[in-house]
2 protein chains.
Amino acid sequence: MAPRPRGGRLPRRARRAQLLESALEVFVANGYHATGMDDIADRAGVSKPVLYQHFPGKQELYLALLETSCDAIIASCRRALESTEDNKQRVAATMSAFYEYVGSESGAFRLVFESDLTNEPAVRAQIDRVTIDCAEMITDVIRDDTGLPTTAANLLAVSLVGMAQVSARFWTDDPGGLGRDEASALVAGLAWRGIAGYPKHD
Amino acid sequence: MAPRPRGGRLPRRARRAQLLESALEVFVANGYHATGMDDIADRAGVSKPVLYQHFPGKQELYLALLETSCDAIIASCRRALESTEDNKQRVAATMSAFYEYVGSESGAFRLVFESDLTNEPAVRAQIDRVTIDCAEMITDVIRDDTGLPTTAANLLAVSLVGMAQVSARFWTDDPGGLGRDEASALVAGLAWRGIAGYPKHD
DNA sequence: GGCCCATGGAGGTCAAGATCGGAATCCAGC
DNA sequence: GCTGGATTCCGATCTTGACCTCCATGGGCC
């Protein structure tokens with residue numbers, strides 16, 4: 001957490017990237033409200049005006065990071081679902097995607113699952129997008145495979161996503177001796193047993 | 001949301017209750033950071049000093065409400081688990097408890113599941129308590145019934161709680177034509193199919 | 001050597017939490 | 001019925017903290 005040395009000038013693109021990285025670290029550590037623009041500037045080793053030459057305000061900066069993080073998990077979820085045609089493996093792969101996301105070094109998932117700016121509509125929209133988009137992809141699979149009505153399939157899909165989200169976050173806070181793949185496989189087993197029993201469509 | 005008339009005096013006890021009620025409404029509607037003490041006072045039809053004669057500060061007021069709401073869902077979960085010895089019905093009853101909680105008129109569940117003060121340790125502790133305590137009760141049931149090691153049973157329990165939390169919140173935002181009992185039963189079915197397949201202990 | 005512009009420290013502004021002296025209201029007892 | 005005291009209540013104010021810009025500066029380029 002030590003601020004970077006206060007030296008050299010950087011080309012605009014590189015400075016922006018560095019600012020984003022620094023901001024992510026501070027936001028993840030302290031949340032939105034508890035972090036000041038001063039903190040981010042200090043962390044990056046620049047002064048505040050520099051920050052404001054790259055981003056119009058604190059909220060826009062936060063939103064840029066949040067959007068990136070949302071895109072990451074949604075894309076990862078999509079890749080997992082498309083990685084195979086076998087539904088049992090699909091469940092395992094998707095669960096693994098969530099565990100990888102939550103276990104990743106940056107902690108960027110905290111912006112999504114533990115945000116403290118949920119009342120801001122723009123933020124809320126991004127966060128909801130994760131659950132809704134992931135669930136929608138899963139809904140299609142469930143509906144095609146079981147023949148359940150869309151509404152029901154959607155609620156089941158949301159349930160699975162919730163299972164993944166909450167259990168992965170809990171595991172990250174307190175692994176309790178379980179490795180990541182072990183935990184992921186355990187919960188994937190629960191999910192698969194739950195979903196596999198529904199009437200097959202053919 | 002119209003402020004109450006600004007008239008009469010109330011005995012201390014009654015005023016306190018009214019302030020708690022007003023504060024809950026505003027906090028639920030706007031979240032912690034977006035609500036001012038002015039808003040709460042206006043909503044209750046009193047001036048700010050009165051508020052401070054009953055509560056030492058904004059955070060204490062919030063915590064009082066949060067704690068009450070956490071106690072409610074934990075107690076409700078416990079009652080559901082103790083309501084029967086049949087595990088299938090247990091799952092259904094517990095799921096129903098979550099759906100009732102989230103569907104309740106006051107919206108108090110938002111303080112727990114959608115708080116925007118998660119960085120405050122005291123708040124974090126209360127919120128975590130819900131998942132941890134509920135999961136712990138369920139862990140005992142799972143462990144006794146399946147013989148799984150405690151750590152694994154605990155992660156499964158957390159998964160089930162996550163399923164309930166997230167799906168219930170999603171259903172509240174967009175019921176999509178499903179009644180409460182219908183939705184609850186659907187997700188309970190998913191949970192039960194998932195958990196029932198594990199090796200029976202005898 | 002001279003120009004240029006990114007940078008930095010210091011400050012303006014404003015919202016919101018927290019507080020003070022005085023006024024209004026209720027109640028008990030004569 | 002009336003008075004004295006205590007409790008409740010309010011308008012106005014203070015202060016803090018954080019977001020967001022103004023003037024001096026110093027290294028890079030021709």
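Residue numbers start from 1 in every chain, and the chains themselves are labelled A, B, ... in the order their sequence lines are given, proteins ahead of strands. Keep in mind the model is a prediction, meaning the values are calculated, not measured.
Rounded to a whole Å, the CD atom of B:Gln18 is 9 Å from the P atom of D:dC9. Protein atom CG of A:Leu19 is 14 Å distant from nucleotide atom P of C:dA6, rounded to whole Å. With rounding to whole Å, A:Leu61 atom CG is found 13 Å from D:dC19 atom C1'. Protein atom OH of B:Tyr52 is 17 Å distant from nucleotide atom P of D:dC14, rounded to whole Å. Atom-to-atom, CD of A:Gln53 to P of C:dG8 comes out at 10 Å; the value is rounded to the nearest Å. If you measure from atom CD1 of A:Ile40 to atom P of D:dA18, you get 13 Å, rounded to the nearest angstrom. Atoms NE2 (B:His54) and P (C:dT19) sit 15 Å apart, rounded to a whole Å. Separating the CE atom of B:Met37 from the C1' atom of C:dA15 is a distance of 15 Å, rounded to the nearest angstrom.
For B:Val46, the side-chain atoms get nearest to D:dC10 when compared with the rest of C:dT7, C:dA18, D:dC10. Nearest nucleotide to the side chain of B:Val50, out of C:dA18, D:dC19, D:dC10: D:dC10. Closest contact between the side chain of B:Pro49 and the listed nucleotides C:dT19, C:dG8, D:dC9 involves C:dT19.
Aromatic ring orientation, B:Phe109 versus B:Tyr101: perpendicular (interplanar angle above 60°, classes split at 30° and 60°). Taking the six-membered ring where the residue is Trp, A:Tyr62 and A:Tyr32 present perpendicular rings, their angle passing 60° and hence far from 30°.
Taking 4.0 angstrom as the limit, A:Arg15 places a side-chain polar atom (N or O) nearer than this to OP1 or OP2 of C:dT7.
B:His33 contributes a side-chain N or O that, together with a main-chain N or O of B:Asp116, makes up a donor-acceptor pair within less than 3.5 Å.
Scanning both residues, A:Gly194 and B:Arg193, for their nearest heavy atoms gives O-CD, 3.4 Å.
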